[in-house]
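Here is the structure we will look at, set down as structure tokens.
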Amino acid sequence: MPGPELLLDSSIRVWVVLPIVIITLMVGVCRHFLSLALRGDRRPELEQLGDSQVLIRSRILREHGKYIPRQSFIMRKHFFNDKELGFFKKTKRKVVAKNPLTDPSMLTDMMKGNLTNMLPMVLIGGWINWAFSGFVTTKVPFPLTLRFKPMLQRGIDLVSLDPSWVSSASWYFLNVFGLRSTYSLLLGQGHAADQTQVLQDQMTGAAMTLPPDINKAFKAEWEALEVVDHQWALESVEEELMAAGLNLEPRPCPL
């Protein structure tokens with residue numbers, strides 16, 4: 001026979017649940033502005049940016065080349081894959097392997113990432129576990145197995161407690177990884193408060209994720225584009241439009 005249902009005091013909502021949510025939200029906002037202040041102006045080199053854009057153009061040609069005329073497709077493919085003058089054939093980049101142990105900038109970026117991400121989470125999590133220890137904050141609206149007790153009831157050692165109840169420490173970690181939409185609403189899509197995502201600049205993100213050996217990437221893209229044959233997807237588009245029986249009556253122009 002199941003035990004009696006717990007009845008939480010309404011003061012827990014005011015003095016435990018809401019403060020943890022507000023503290024987590026404010027720490028995320030502070031982390032965002034701190035990351036912006038510590039982040040350097042990491043601009044990729046012009047050569048890296050050009051190589052990334054070439055790879056993107058080649059991939060777009062492979063995936064959407066069927067929507068341009070055959071002559072246009074052949075011209076673009078000749079620019080990339082010509083055996084003598086093609087970009088992927090004649091371009092050879094000098095690859096220099098970067099060692100994070102000898103590159104001061106990489107070590108500095110790693111230290112900044114640990115400072116703005118891991119350190120606040122550990123400090124605030126430890127303080128919340130000390131200040132709000134022993135509280136049961138809320139209950140998930142569906143039954144759970146006993147395997148969820150260590151994750152949802154951190155800091156509470158009660159064998160008889162239903163696994164659906166959430167402790168204050170676990171409520172903090174749920175807020176850390178569950179406020180992404182709120183951060184996006186307050187700070188925009190490119191925010192630094194979400195520590196599960198990597199900051200990528202819209203214009204230079206592709207250049208920052210280049211493979212270590214760009215020559216191998218050129219070769220792989222050349223092979224992928226070489227086997228692509230043009231299939232004109234809009235060959236009979238006029239007949240299909242006429243067969244659809246669309247009502248193309250001209251609309252009166254407003255004065």
Side-chain angles (χ1 to χ4, degrees), residues 35-36 39-100 102-103 105-106 109-110 113 180-181 184 187-192 194 196-254:
S35 299
L36 294 181
R39 184 177 59 183
D41 191 8
R42 298 180 57 187
R43 295 183 179 180
E45 297 180 359
L46 183 61
E47 185 178 277
Q48 294 180 346
L49 184 59
D51 293 342
S52 66
Q53 296 301 319
V54 167
L55 292 175
I56 293 175
R57 288 172 56 192
S58 178
R59 186 179 72 248
I60 292 176
L61 181 63
R62 288 191 289 107
E63 297 176 354
H64 305 288
K66 59 184 177 180
Y67 298 110
I68 60 177
R70 182 177 182 82
Q71 184 63 25
S72 301
F73 177 83
I74 294 176
M75 290 174 57
R76 288 165 172 80
K77 185 175 180 180
H78 181 271
F79 170 78
F80 291 118
N81 280 32
D82 185 68
K83 295 182 179 180
E84 296 181 358
L85 301 177
F87 181 87
F88 293 142
K89 281 293 184 180
K90 70 177 182 179
T91 304
K92 301 297 181 181
R93 303 300 188 192
K94 183 179 179 181
V95 179
V96 179
K98 293 184 178 181
N99 188 0
T102 58
D103 191 354
S105 62
M106 298 183 67
D109 293 338
M110 293 174 59
R180 299 180 184 177
S181 300
S184 300
L187 305 175
Q189 294 295 329
H191 62 84
D194 187 5
T196 62
Q197 298 179 351
V198 180
L199 287 176
Q200 293 183 355
D201 190 79
Q202 185 177 2
M203 296 299 297
T204 62
M208 302 301 290
T209 57
L210 281 175
D213 193 348
I214 189 62
N215 295 321
K216 293 182 179 179
F218 285 163
K219 182 180 179 181
E221 188 63 30
W222 181 89
E223 294 174 351
L225 185 59
E226 187 68 19
V227 299
V228 175
D229 191 16
H230 183 264
Q231 301 291 336
W232 183 228
L234 305 178
E235 183 177 0
S236 58
V237 62
E238 295 87 355
E239 290 78 3
E240 293 179 0
L241 286 175
M242 297 300 295
L246 298 178
N247 186 12
L248 301 179
E249 295 180 0
R251 298 181 179 179
C253 181

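Numbers here simply count residues along the sequence, with the first being 1. Keep in mind the model is a prediction, meaning the values are calculated, not measured.
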Q.
Can you list everything that forms a side-chain hydrogen bond (donor to acceptor under 3.5 Å, both in side chains) with His78? Sequence neighbours excluded, please.
A. Asp82
Q | Test side-chain hydrogen bond (donor to acceptor under 3.5 Å, both in side chains) applied to Glu223 - qualifying residues, sequence neighbours left out | A | none
To the nearest 0.5 Å, tell me how far [X] [atom1] sits from [Y] [atom2].
{"X": "Leu61", "Y": "Met75", "atom1": "CG", "atom2": "CE", "value": "11.5 Å"}
{"X": "Arg57", "Y": "Phe79", "atom1": "CZ", "atom2": "CZ", "value": "5.5 Å"}
{"X": "Trp222", "Y": "Lys77", "atom1": "CH2", "atom2": "NZ", "value": "9.5 Å"}
{"X": "Asn81", "Y": "Lys89", "atom1": "CG", "atom2": "NZ", "value": "8.5 Å"}

Q | Closest non-hydrogen atom pair between Leu225 and Ser58, with its separation | A | CD2-OG, 3.8 Å
Q) Heavy-atom count around Glu235 CD within 6.0 Å, excluding the residue itself: above 12? A) no
(Q) Using modelled atom types and a 3.5 Å cut-off, is there a donor and acceptor pairing between side-chain atoms of Ser52 and backbone atoms of Leu49? (A) yes
Q. Residues in side-chain contact (heavy atoms from CB on, under 4.5 Å) with Arg93, at least two apart?
A. Glu47, Asp51, Phe87, Thr91, Ile214, Asn215, Phe218
Please tabulate, for the side chains in residues 64-74, all donor-acceptor contacts under 3.5 angstrom to protein atoms that are two or more places apart in sequence or on a different chain.
none

